[in-house]
Undergrad: 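Sharing a structure, written as C-alpha cells. Questions coming.
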Amino acid sequence: KGFNATQALLGFLLLVPALAVLFYPAAALSLISISALLYILARIVFICKGFRIFYHYFSSLLYFILYLCTLEIAPLLLIGKSWGLL
C-alpha cells in the first residue's frame with residue numbers, strides 16, 4: 001500500500017510538468033529535470049519506507065542492504081555498463 005501511495009503521489013506531481021510541456025515546449029529541458037528530480041525524490045521516499053519496514057534489529061540491516069543491491073542498485077549498474085558509462 002505504501003508503494004502504491006508513493007507512486008500515485010508521483011503520478012499526480014508529474015502531471016503538472018507533463019501538461020506544462022504541452023503548452024510551453026520551450027521549457028521542456030527544465031521540466032524534464034524537474035521530473036527527474038521528482039522521480040529521484042520518490043525513490044528516496046520508497047527506500048526510507050523500506051528501511052522502516054525491514055529494520056527491526058541490527059542483523060536485519062544485512063537483509064535490507066541485500067535487497068537494495070539486488071533490486072535498486074544492480075539494475076542501474078547493469079544499464080550503465082551496457083551503455084558504456086561505467
Undergrad: How is the hydrophobic cluster of Ile32 composed, in terms of its other members, when Ile, Leu, Val, Met, Phe, Trp and Tyr link through side-chain heavy atoms under 4.5 Å apart, directly or indirectly?
TA: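 Besides Ile32, the hydrophobic cluster comprises nothing; the residue is isolated.
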Undergrad: To the nearest 0.5 Å, how far apart are CD in Gln7 and OH in Tyr39?
TA: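 Between atom CD of Gln7 and atom OH of Tyr39 there are 7.5 Å.
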Undergrad: Atom CG of Leu38 and atom OG of Ser33: how far apart are they, to the nearest 0.5 Å?
TA: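 Going from CG on Leu38 over to OG on Ser33, the span is 9.5 Å.
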Undergrad: How many angstroms lie between CG in Asn4 and CG in Leu9, if you round to the nearest 0.5 Å?
TA: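 If we round to the nearest 0.5 Å, Asn4:CG and Leu9:CG are 12.5 Å apart.
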Undergrad: Would a 4.5 Å heavy-atom cut-off, applied to side chains only, mark Ile40 and Arg43 as touching?
TA: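 Contact flag for Ile40/Arg43 side chains = no.
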Undergrad: How close do Pro17 and Ile34 get, counting heavy atoms only, and between which atoms?
TA: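 So the minimum-distance heavy-atom pair works out to CG-CG2, 4.5 Å.
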Undergrad: Leu10, Phe46: one ILVMFWY side-chain cluster at the under-4.5 Å cut-off?
TA: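 Per the 4.5 Å side-chain linkage, Leu10 and Phe46 are not co-clustered.
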Undergrad: Please check if atom CG in Leu15 has more than 12 non-hydrogen atoms from other residues, nucleotides or ligands closer than 6.0 Å.
TA: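 Enclosed.
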Undergrad: What is the distance from atom OG1 of Thr6 to atom CG of Leu41, rounded to the nearest 0.5 Å?
TA: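 It is 10.0 Å, given to the nearest 0.5 Å.
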